[in-house]
Amino acid sequence: MAKSKLGLGKILMGVAALLGIVAIFMMLLSGVTLTTPEIFGKSASESAGTGFELMFGTQTGMNFNFMMFLPFVLVIVGIAGVVLSFLNLKLGKLIALAAFAVAGVLFFCFGAFYPMCADGLDTVVDALKKAGGSVAPGIGAIMAGIFSLVAAAGAALATFMFKN
């Protein structure tokens with residue numbers, strides 16, 4: 001019987017795939033957080049919607065946002081790269097590394113991509129910023145970015161440090 005050798009590289013790639021799946025589930029949380037300026041001594045933060053709502057424009061008046069959809073696709077490409085690496089293709093590890101790294105960076109840009117969600121929203125965001133408010137990535141986008149970057153680090157270790 002042929003013995004399967006499970007090396008540390010394959011374990012790291014498996015963990016990277018698991019972290020990619022967790023990053024996708026983080027899109028069920030807040031994608032963007034809007035902070036209103038301080039009025040009467042209090043400032044308020046509220047979610048503009050979940051990551052999936054912002055990507056696909058399911059809220060009234062919102063459009064499909066390709067730049068928010070791109071990191072979601074890249075995480076799926078990263079998971080596919082992990083599957084390719086299990087088939088002993090070195091290119092799969094490199095695909096996973098690059099896709100997870102770029103996705104992680106793009107998740108942190110959700111606040112910048114938010115004005116692209118609807119027509120005229122850029123003027124609303126500009127007015128909010130002039131009044132002292134802010135638009136920032138929500139907890140879902142931040143956590144997805146962290147999980148994607150950790151998955152990229154695991155893929156990098158598996159690619160450059162370990163043969164299996």
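Side-chain contact between Lys90 and Thr159 is present, with at least one heavy-atom pair separated by less than 4.5 Å. The shortest distance between side-chain heavy atoms of Lys10 and Asn88 falls below 4.5 Å. Looking at Ile21 and Ile79, their side chains come closer than 4.5 Å, going by heavy atoms from C-beta outward. Looking only at side-chain heavy atoms (C-beta outward), Val102 and Leu70 stay at 4.5 Å or farther from each other.
Taking both residues in full, the closest heavy atoms of Ala101 and Ala152 are given as N-CB, 3.6 Å, listed atom of the first, atom of the second, then distance. The heavy-atom pair separating Gly78 from Ala99 by the smallest distance is N-CB, 3.6 Å. Closest heavy-atom contact between Ser148 and Val75: OG-CG2, 3.7 Å. Between Val105 and Leu149, the closest heavy-atom pair is N-CD2, 4.3 Å. Scanning all heavy atoms of the two residues, the minimum distance from Gly140 to Leu29 falls at CA-CB, 3.6 Å. Residues Gly9 and Ala158 share a closest heavy-atom pair of O-CB, 3.5 Å.
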Between Tyr114 and Met68, is a side chain to side chain contact (heavy atoms under 4.5 Å, CB included) present by the stated rule, with each step listed? CA-CA 8 Å; Tyr114 178 65; Met68 287 184 173; 4.1 Å; yes

Please lay out, stage by stage, how Ile142 and Phe107 fare under the test side chain to side chain contact (heavy atoms under 4.5 Å, CB included). CA-CA 7 Å; Ile142 292 170; Phe107 277 126; over 6 Å; no

Which is it for Phe160 and Leu94 under the side chain to side chain contact (heavy atoms under 4.5 Å, CB included) test, yes or no, and what are the steps along the way? CA-CA 10 Å; Phe160 300 116; Leu94 294 174; 4.2 Å; yes

Give the C-alpha distance, both sets of side-chain angles, the deciding distance and a yes or no for side chain to side chain contact (heavy atoms under 4.5 Å, CB included) between Met161 and Leu12. CA-CA 11 Å; Met161 298 291 289; Leu12 283 171; over 6 Å; no

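Under a hydrophobic-cluster definition in which Ile, Leu, Val, Met, Phe, Trp and Tyr are linked whenever side-chain heavy atoms come within less than 4.5 Å, directly or via other members, Leu28 and Phe110 are assigned to the same cluster. Residues Val77 and Met27 are members of one and the same hydrophobic cluster, defined by side-chain heavy-atom contacts under 4.5 angstrom among Ile, Leu, Val, Met, Phe, Trp and Tyr. Both Ile76 and Met67 sit in one connected hydrophobic cluster of ILVMFWY residues. Membership requires side-chain heavy atoms under 4.5 Å apart, directly or through other members. One hydrophobic cluster, built from ILVMFWY side chains closer than 4.5 Å, cannot hold both Val83 and Leu89; they sit in different ones. When the side chains of ILVMFWY residues are joined at heavy-atom separations under 4.5 Å, either directly or via intervening members, Leu106 and Met55 end up in a single hydrophobic cluster.
Between Phe100 and Phe147, the distance separating the two ring centers is not shorter than 6.0 angstrom.
With Ser85 contributing its side chain and Val82 its backbone, the two residues share a donor-acceptor pair below 3.5 Å.
Applying the 6.0 Å contact sphere to CZ of Phe25 captures no more than 12 heavy atoms from other residues, nucleotides or ligands.
Taking the six-membered ring where the residue is Trp, Phe56 and Phe52 present parallel rings, their angle staying beneath 30° rather than reaching 60°.
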